[in-house]
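Here, residue 1 is the first one in the sequence, and each next residue gets the next number.
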Amino acid sequence: PATGRSPAIPDAALVRPDGPVFVGRERELARLDQLWRAARTGQGGVVLVSGDAGQGKTLLLGEFARRLQAADGDLIAVGGSCGARFGIGDPYLPFREALGMLCGDLEVRWATGELAPLQLVRLWDILPSSLAALAEAGPDLIGSFIPAPALLRRAIDYLGREQPEPAWLAVIRRRARRPPGSVPAQANLFGQYAVVLKAVARQHPL
């Protein structure tokens, strides 16, 4: 992009090896690839990857996403975890994490090695279109699913303070100034979340 990189994303993002060495599971990867090809033609669905703890489910999905992104210059991959690190108290956690990745919350995942360099750079580069989709289609998610002050800081980091502010940044500014209040209805949040993902996916395979 024309803007600089986030100060929290080091230049090492461009040179770090692209993830851990992955061996085996070619049959599972081939099946996932087959399902992905169907999804790209409009035949969407849900895939369940099952197995006992420690069998490599997360590693398998990470390798699958890495290979897809290496082969497809437009693909964006995001994800979230269900309670492995934080317990089961937040049923929305995987959705918060996935949306957070689209909204530039990448530093911790980069530091812990959860993001491959290509994924990190690509997510940062699409930040303006992701934030525009969030502000236009899911404003109630700002402050409920995504902390508004941190979101505003990332947006300013990306744009720089000297640039004319786009309309979506004004929405984030207003949300960041709002005192904590009631959480919107669950159905409303779910609806906005789905519309935001669709808006992003219209510009980038997601």
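- Under the 4.5 Å side-chain criterion, counting only non-hydrogen atoms from C-beta, L134 is not in contact with L102.
- Follow the hydrophobic side-chain contacts under 4.5 Å out from L141 and you never reach V195; the two are in separate clusters.
- Aromatic ring pairs are classed by plane angle as parallel below 30°, tilted from 30° to 60° and perpendicular above 60°; the pair W124 and Y158 is tilted.
- Atom NZ in K57 sits 9.0 Å away from atom CZ in R25 (nearest 0.5 Å).
- Note that the CG atom of L120 and the CD atom of E114 stand 12.0 Å from one another [nearest 0.5 Å].
- In this structure, L152 and A176 approach most closely via the heavy-atom pair CD2-CB, 4.0 Å.
- Remark: R177 CZ to I172 CD1 distance equals 12.0 Å, nearest 0.5 Å.
- When the options M101, H204, Q69, Q203 are evaluated for a side-chain contact (heavy atoms from CB on, under 4.5 Å) with I76, the one that passes is H204.
- Contact between P205 and W36 at its shortest, heavy atoms only, is CB-CH2, 4.3 Å.
- Judged by distance alone, the side chains of R122 and Q119 never bring a donor and an acceptor atom under 3.5 Å apart.
- Ring to ring, F145 and F95 are not that close: their centroids are 6.0 angstrom or more apart.
- Note: L118 CG to L123 CG = 9.5 Å, rounded to the nearest 0.5 Å.
- One finds a salt bridge joining D72 and R40 here, because a Lys/Arg side-chain nitrogen approaches an Asp/Glu carboxylate oxygen to under 4.0 Å.
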- Message: Let's go through R153 and D157 carefully: what are the C-alpha distance in whole Å and the side-chain angles of both, what is the deciding distance for salt bridge (Lys or Arg N to Asp or Glu O under 4.0 Å) to 0.1 Å, and is it a yes or a no?
- Response: CA-CA 6 Å; R153 285 194 300 272; D157 281 347; over 6 Å; no

- Check step by step if side-chain contact (heavy atoms from CB on, under 4.5 Å) holds for L35 and F64. CA-CA 12 Å; L35 294 166; F64 176 59; over 6 Å; no

- Could you walk me through whether L32 and L68 pass the side-chain contact (heavy atoms from CB on, under 4.5 Å) check? CA-CA 10 Å; L32 289 171; L68 285 184; over 6 Å; no

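- Judged by distance alone, the side chain of R96 and the main-chain N or O of S144 form a donor-acceptor pair under 3.5 Å.
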- Task: Kindly indicate, with the supporting measurements, whether the criterion side-chain contact (heavy atoms from CB on, under 4.5 Å) is fulfilled by L151 and D105.
- Result: CA-CA 8 Å; L151 184 64; D105 187 6; over 6 Å; no

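- The CZ atom of R202 sits 12.0 Å away from atom OG of S129, with the distance rounded to the nearest 0.5 Å.
- A salt bridge links R66 and E63; the closest N-O separation between the charged side-chain nitrogens and carboxylate oxygens is under 4.0 Å.
- Between R173 and E165 there is a salt bridge, with a side-chain nitrogen of the basic residue lying less than 4.0 Å from a carboxylate oxygen of the acidic one.
- With values rounded to the nearest 0.5 angstrom, L61 atom CG is found 11.0 Å from E28 atom CD.
- Residues I146 and R154 come closest through the heavy atom pair CG2-NH2, 4.3 Å.
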- Item | Test log, rule side-chain contact (heavy atoms from CB on, under 4.5 Å), inputs C103 and L131 | CA-CA 6 Å; C103 294; L131 294 183; 4.0 Å; yes

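- When all heavy atoms of A98 and V78 are compared, the closest pair comes out as O-CB, 3.8 Å.
- For the pair L159 and W168, the tightest heavy-atom approach, listed with the atom from each and the gap, is CD1-CH2, 3.7 Å.
- Residues V200 and A133 come closest through the heavy atom pair CG2-CB, 3.9 Å.
- Around the NZ atom of K198, the shell of radius 6.0 Å holds no more than 12 heavy atoms that belong to other residues, nucleotides or ligands.
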